[in-house]
Amino acid sequence: MARLTRVQQQARTRAAVLAAARDEFAEHGFVPAKVDRIAERAELTRGAVYSNFPSKRALYLAVLIDLVERAAEPRATVSPSSRVDALGVFARVWLERLPLVGDPAPGGRLQLRSLDGVFEDGHGPAVLAQVARLEALLLAIALERGAPERRVRLAETVLTLLDGAGHRAGTAPGFGDPFDVAHACRHLAYIDLEDVWAPPHLPYVAPAVACADAWTAPQGLVDQISGAEVDLANGLVVVLGAGRLGAAEEAVRAAKPGEQVVVAVVTGDREETGRLVRLRVADAVGCLRRVFGADVWQHVRLVLDDEALVASAIGITDADDETEAAVSVRDGVVVARARGRGAGHAAGARRREAL
């Protein structure tokens, strides 16, 4: 038998660690789980575990990402015909993760992608709040389908209801009827939330700077929504740190209808914050893909810029969780740049004025 290459051996070790960790977390949950037991299950040393994952939290997130990606379902080709039906179908898809009455509590929480007890500091919850705003934006765009009205508050309300049902299922499996929750989500479509778009800080955002800079677009980047490679030769490119993801809507609203908007997500901590963002994005997009055809997102593209390739291409050498920068690209040339709060809106507005 041929000897494994170093890369093959590393892949085998990583797979063994993930499998052992999945069993450990399913049996004990995150907090009581022990890295030493994971090493024993994998027949590896503790050092081998930490050489692949720097912390128990990073390993737990990697396990959840693996579960989400393995559970990928066929994508919808046709979207529901009405907003009411769309919310009902989306809720049913989301609620499939709820554990049943007889499921063990730790295993059920794993199925729920539970993050209870995983982030005790303030940074993790702050990032989760920003990711939740991005999730709501993606759902809202699908519900709007190019119409002028804003549906972000509706999307936020639906996601809040579903997240609450998930939390209750984690603490009291079997309580409540998922069909009632899905029915409630359908009827949220009838509520007038008076959703308007008027962030108070935007009038004070510094305008983008006009330029005519050469643009070498990164290649091979994949849109998390469609799964296709992203073409960065034209449109608005916005780089947002994990702590600034809520600003994605500013870029989307500022762009001219039909103009491509690429949101590239960066972080200063790939192992934990990066995995947290990847988990939530993969989970949310996986649900959305099963409900809506790819056309509902029209011009919006989402890239997880783990290697900071997009950030580097627009001149950012110190990308972190607070990064906020944007460029407007036309026919392979950067025609406007902006950085700091409101950068996506500034670059998008400048582009609209120039067209």
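Excluded from the calculations below are hydrogen atoms, water molecules and symmetry mates; all remaining heavy atoms, backbone and side chain alike, are included.
- Taking each heavy atom of V152 and D195 in turn, the nearest pair found is N-OD2, 3.0 Å.
- Salt bridge annotation for E194-R153: absent, with no cationic side-chain nitrogen under 4.0 angstrom from a carboxylate oxygen.
- Across every non-hydrogen atom of S81 and D85, the tightest pair is OG-OD2, 3.8 Å.
- Put simply, the side chain of T267 does not reach to within 4.5 Å of the side chain of E272, judged on heavy atoms.
- The CG atom of L64 lies 11.0 Å from the CD atom of E69; values are rounded to the nearest 0.5 Å.
- Atom NZ of K56 is separated from atom CG of L61 by 12.0 Å, given to the nearest 0.5 angstrom.
- Looking only at side-chain heavy atoms (C-beta outward), D306 and R278 come within less than 4.5 Å of each other.
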Item to check | Evaluation steps, salt bridge (charged side-chain N to carboxylate O under 4.0 Å, His left out), between E144 and R151 | outcome: CA-CA 6 Å; E144 292 165 11; R151 296 294 175 181; over 6 Å; no

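- Closest of all the heavy-atom pairs between A343 and A325 is CB-CA, 3.7 Å.
- Other residues, nucleotides and ligands contribute at most 12 non-hydrogen atoms within 6.0 Å of the CZ atom of R168.
- Note that OG of S312 and CG of D318 are 11.0 Å apart. Values are rounded to the nearest 0.5 Å.
- At most 12 non-hydrogen atoms from other residues, nucleotides or ligands lie less than 6.0 angstrom from CZ of R133.
- Residues Y60 and I65 form no side-chain contact, since every pair of their non-hydrogen atoms from C-beta on lies 4.5 Å or further apart.
- For the pair L110 and F25, the tightest heavy-atom approach, listed with the atom from each and the gap, is CD1-CB, 4.0 Å.
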Checklist entry - Can you list the steps and then say if D177 with H183 is a side-chain hydrogen bond (donor to acceptor under 3.5 Å, both in side chains)? => result CA-CA 10 Å; D177 188 335; H183 190 60; over 6 Å; no

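- Here the CD1 atom belonging to I141 is positioned 9.0 Å from the CH2 atom belonging to W297, to the nearest 0.5 angstrom.
- Residues L59 and N52 form no side-chain contact, since every pair of their non-hydrogen atoms from C-beta on lies 4.5 Å or further apart.
- Salt-bridge annotation for R109 and D116: absent, with no side-chain N of the basic residue lying under 4.0 Å from a carboxylate O of the acidic one.
- Figure legend: cation-pi geometry between R92 and W94 absent, as NZ or CZ is not positioned both under 6.0 Å from the six-membered ring centre and within 45° of its axis.
- When side chains are defined from C-beta on, V127 counts as touching V277, because their heavy atoms get closer than 4.5 Å.
- Counting all heavy atoms, side chain and backbone alike, D295 lies closest to S79 at OD1-OG, 4.4 Å.
- Ion pair D36/R46 flagged as a salt bridge, since at least one NZ, NE, NH1 or NH2 atom sits closer than 4.0 Å to an Asp/Glu carboxylate oxygen.
- Salt-bridge check for R57 with E120: failed, with every basic side-chain N at 4.0 Å or more from each acidic carboxylate O.
- Inspection of the T160 and D163 side chains reveals no N or O donor paired with an N or O acceptor under 3.5 Å.
- Residues S328 and V334 form no side-chain contact, since every pair of their non-hydrogen atoms from C-beta on lies 4.5 Å or further apart.
- A336 and A208 get closest at one heavy-atom pair: CB-CB, 4.2 Å.
- Between R75 and R290 the shortest side-chain heavy-atom distance does not fall below 4.5 Å.
- Rounded to the nearest 0.5 angstrom, D213 CG and I314 CD1 are separated by 11.5 Å.
- Side-chain contact between D321 and T273: present, with at least one pair of heavy atoms (C-beta onward) separated by less than 4.5 Å.
- With respect to the salt-bridge test (charged N to carboxylate O, under 4.0 angstrom), the residues E250 and R341 do not qualify.
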